[in-house]
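Note sheet for the following structure.
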There are 2 protein chains.
Amino acid sequence: MLTDQRHQLIRDRLAAEGRVLAGELASRFGVSEDTVRRDLRELAKAGECRRVYGGAIASAPFAAATIGQRGGHAVEEKARLARAAVALISAGQSLFIDGGTTNEAVARAIPLDLDLTIATNSLGVASALSDHPLVELIVLGGRFVRDLGTCVGADTLAAVAQLGADLFFLGSCGLDASRGVTAFDSAEAEVKRAMARNSAGVVIAVTNDKLATAAPYRVAAAGRISHLVVEKTAPAAVLADFERQGAKIHFA
Amino acid sequence: MLTDQRHQLIRDRLAAEGRVLAGELASRFGVSEDTVRRDLRELAKAGECRRVYGGAIASAPFAAATIGQRGGHAVEEKARLARAAVALISAGQSLFIDGGTTNEAVARAIPLDLDLTIATNSLGVASALSDHPLVELIVLGGRFVRDLGTCVGADTLAAVAQLGADLFFLGSCGLDASRGVTAFDSAEAEVKRAMARNSAGVVIAVTNDKLATAAPYRVAAAGRISHLVVEKTAPAAVLADFERQGAKIHFA
DNA sequence: GCATGTTTTGCACGTTTGTGCAAGAAGCAT
DNA sequence: ATGCTTCTTGCACAAACGTGCAAAACATGC
């Protein structure tokens, strides 16, 4: 990867999110953090960003415009979860990625130098992956549900049925050790079930607010979860229940 | 291999990808890296690219040309075309919308209070429509082609085959009265053909630079075009040819 | 036909640039 | 204050670079 190219991508990201993290960029570009830090130093010298501990933020005039817009603190938490989740992926694997903001964060966190085959029914995930040159992207079409940002229905199920994956990144609505993974919508749950059925492993990354909650429609038993990525502050008691049922716990 | 020939190929690649790698070109052309470097130095001297460590990137004036084409100054013209094209839509209709920046502009121009059923294989179109509350949106999945921003392949064709539409907004690569509508890619052309087959009317909105040009793969005969939306400055002679074959001309 | 000059290309050389690693300093958090 | 992460600096190594040179391909002139 060319140095200037990296600089441009950093600029893009600064424009999109207002701030960047050194570690995140490093894993994304497949280079060492030192290199990213050097890049950031150069951009800062050119006045394109301001260097801060941990990364850099877009310089003043621009920052005002975007940072307010996406001010959520959950954004950072989800990005952290996403980085931990991405660590479970190996080159050459094929993945299902479900919808939801956490999974969109996962898609954004996938390094550019990883060759993967990824099938998704989420528009947001597909968009996030559309600039990954090494990712073979398969869009699972169907009836688009606005509230979810994903496609569901018979067409989606048929498309999923034709595929298999090593890992399935399941966007969870509710997660409870006894009731398992649950969703708010029947058709959505059906698609998730199909993806789970055709995947070797199931990965779920959740923020604490989803833990120990349940929604009406059942997607999978807790025992089906291979990897559970949670915040450091997740309640240990809840995690122990999942762990007992075979899930490997990863802290972001 | 001739020197000028090599130069042209490098130019093409710069135009297509925005950057080139010295080593990559060397192995591709079967010459030494030194030769490629000499080529790049010459092109850089002529202002056609900027030399960077590892290769070269398209220089500013050129980058402006392509970026502008994809979203700079032509944007206003495309928005104007899009507004004129949208006027052809009636409430309650079902549409196919193809990929391309012009069609994305069409999608954005669709009023929020129109209830429609729209099927698209373009991520950009789908995203643009994802906030239209009254639009029933169907995503036509398949293998995603980065350069086109659309899905193609057997899955896409199968999805199209199940649907019918009143109007098909065809994103055209080349448009010529005798050769008809043409596309750059075989799989892309196939999807367009399927959409045209299942639609009552075909609408094409084009900027002047696409008129009277042709690409390798044939999509449909000129006689298949129901509505042609063009700029006010489009050459009358060309339009007359289409009109004779049954297309209704609309000026943006 | 042969010699000469020009252009192009590949190779060898030393130099520059970018990158990763290690060690120590500095910043942040608990 | 302690322990962690992140930062800077120096260093080493590999990749890419430019230059000079020689061989080959081609054209040109005698």
Side-chain angles (χ1 to χ4, degrees), chain A residues 1-11 13-14 17-59 73 76-77 79-84 86-87 91 109 111-114 208 229-236 250-252, chain B residues 1-11 13-14 17-46 48-59:
Chain A
M1 157 165 288
L2 268 50
T3 309
D4 289 29
Q5 211 177 345
R6 227 174 31 232
H7 286 191
Q8 191 52 50
L9 288 169
I10 294 175
R11 265 188 285 265
R13 211 160 173 83
L14 276 168
E17 308 200 1
R19 64 111 232 251
V20 292
L21 303 177
E24 189 185 10
L25 291 174
S27 71
R28 188 178 168 77
F29 296 148
V31 298
S32 77
E33 295 196 14
D34 303 74
T35 303
V36 171
R37 275 191 275 272
R38 268 184 276 249
D39 291 340
L40 294 180
R41 246 178 290 175
E42 281 187 52
L43 290 177
K45 202 166 189 175
E48 308 202 43
C49 66
R50 199 158 57 77
R51 196 78 178 73
V52 295
Y53 193 85
I57 58 179
S59 39
H73 138 275
E76 290 173 33
E77 192 50 47
R80 196 159 27 235
L81 283 174
R83 280 193 296 278
V86 163
L112 287 174
D113 62 347
L114 218 51
N208 286 346
V229 183
V230 296
E231 305 180 43
K232 284 203 185 70
T233 56
H250 306 264
F251 293 97
Chain B
M1 158 164 290
L2 269 51
T3 309
D4 288 357
Q5 202 178 348
R6 229 173 30 231
H7 285 196
Q8 192 51 50
L9 288 171
I10 295 175
R11 263 188 286 265
R13 213 166 172 78
L14 276 168
E17 308 195 7
R19 63 109 229 236
V20 292
L21 305 178
E24 192 183 35
L25 291 174
S27 69
R28 172 172 271 265
F29 296 149
V31 298
S32 76
E33 295 198 16
D34 304 71
T35 305
V36 171
R37 274 193 278 271
R38 269 186 274 251
D39 291 341
L40 293 180
R41 244 178 293 177
E42 282 187 51
L43 290 176
K45 202 166 189 176
E48 307 201 44
C49 66
R50 195 161 59 81
R51 196 77 178 73
V52 297
Y53 194 87
I57 60 180
S59 60

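Predicted model, so just to flag it, every value in this text is computed and none were measured. Within every chain, numbering begins at 1; the chains are lettered A, B, ... in the order of the sequence lines, protein sequences first and strands thereafter. Computed from heavy atoms alone, side chains included, the values below leave out hydrogens, waters and symmetry copies.
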Inset, instruction - Could you tell me the separation between the CZ atom of A:Arg51 and the P atom of C:dC28, rounded to a whole number of Å? - result: 12 Å
Legend entry - Rounded distance in Å - NZ (A:Lys232) to P (C:dA29): 13 Å
Legend entry - Heavy-atom side-chain contact between B:Arg51 and B:Arg37 under 4.5 Å: yes
Inset, instruction - Answer yes or no: is there an ion pair linking A:Asp4 with B:Arg19, defined by an N-O contact shorter than 4.0 Å? - result: no
Inset, instruction - Give a yes/no answer on whether the side chain of B:Thr35 brings an N or O atom under 4.0 Å of OP1 or OP2 in C:dG10. - result: yes
Legend entry - Any B:Arg41 side-chain N or O less than 4.0 Å from OP1/OP2 of D:dG18: yes
Inset, instruction - Please examine the side chains of B:Glu48 and B:His7, heavy atoms only from C-beta on, and report whether any two atoms are closer than 4.5 Å. - result: no
Legend entry - Base C:dG20 paired with A:Arg38 side chain (donor-acceptor, <3.5 Å): yes
Legend entry - Length of the CD-C1' vector between A:Glu33 and C:dT19, whole Å: 14 Å
Inset, instruction - Grab the CZ-C1' distance between B:Phe29 and C:dT9 for me, whole Å please. - result: 15 Å
Inset, instruction - Measure from the side chain of B:Thr3, starting at C-beta and using heavy atoms only, and say which of D:dG18, C:dT19, C:dT8 lies closest. - result: C:dT8
Legend entry - Toward the 5' end of DNA chain D, by each residue's nearest nucleotide, B:Ala22 or A:Asp34: A:Asp34
Inset, instruction - Take the protein atom CG of B:Leu21 and the nucleotide atom P of C:dT17, then report the distance between them rounded to whole Å. - result: 20 Å
Legend entry - Nucleotide C:dT19, atom C1' - distance to NE2 of A:His7 in whole Å: 12 Å
Inset, instruction - Name the nucleic acid region contacted by A:Val52, choosing base, sugar-phosphate or nothing; use a 4.0 angstrom heavy-atom cut-off, strictly under. - result: sugar-phosphate
Inset, instruction - State, with a plain yes or no, whether a side-chain heavy atom of A:Arg41 is found less than 4.5 Å away from one of A:Arg38. - result: yes
Legend entry - Quiz item: A:Tyr53 side-chain donor-acceptor pair to C:dA26 base, under 3.5 Å: no
Legend entry - Gap between atoms CG and P, on B:Leu25 and D:dC17 respectively (whole Å): 11 Å
Inset, instruction - For A:Leu40 and A:Cys49, work out which heavy atoms get closest and say how close. - result: O-SG, 4.0 Å
Inset, instruction - Specify the separation, in whole Å, of atom CZ of A:Arg37 and atom C1' of C:dG18. - result: 16 Å
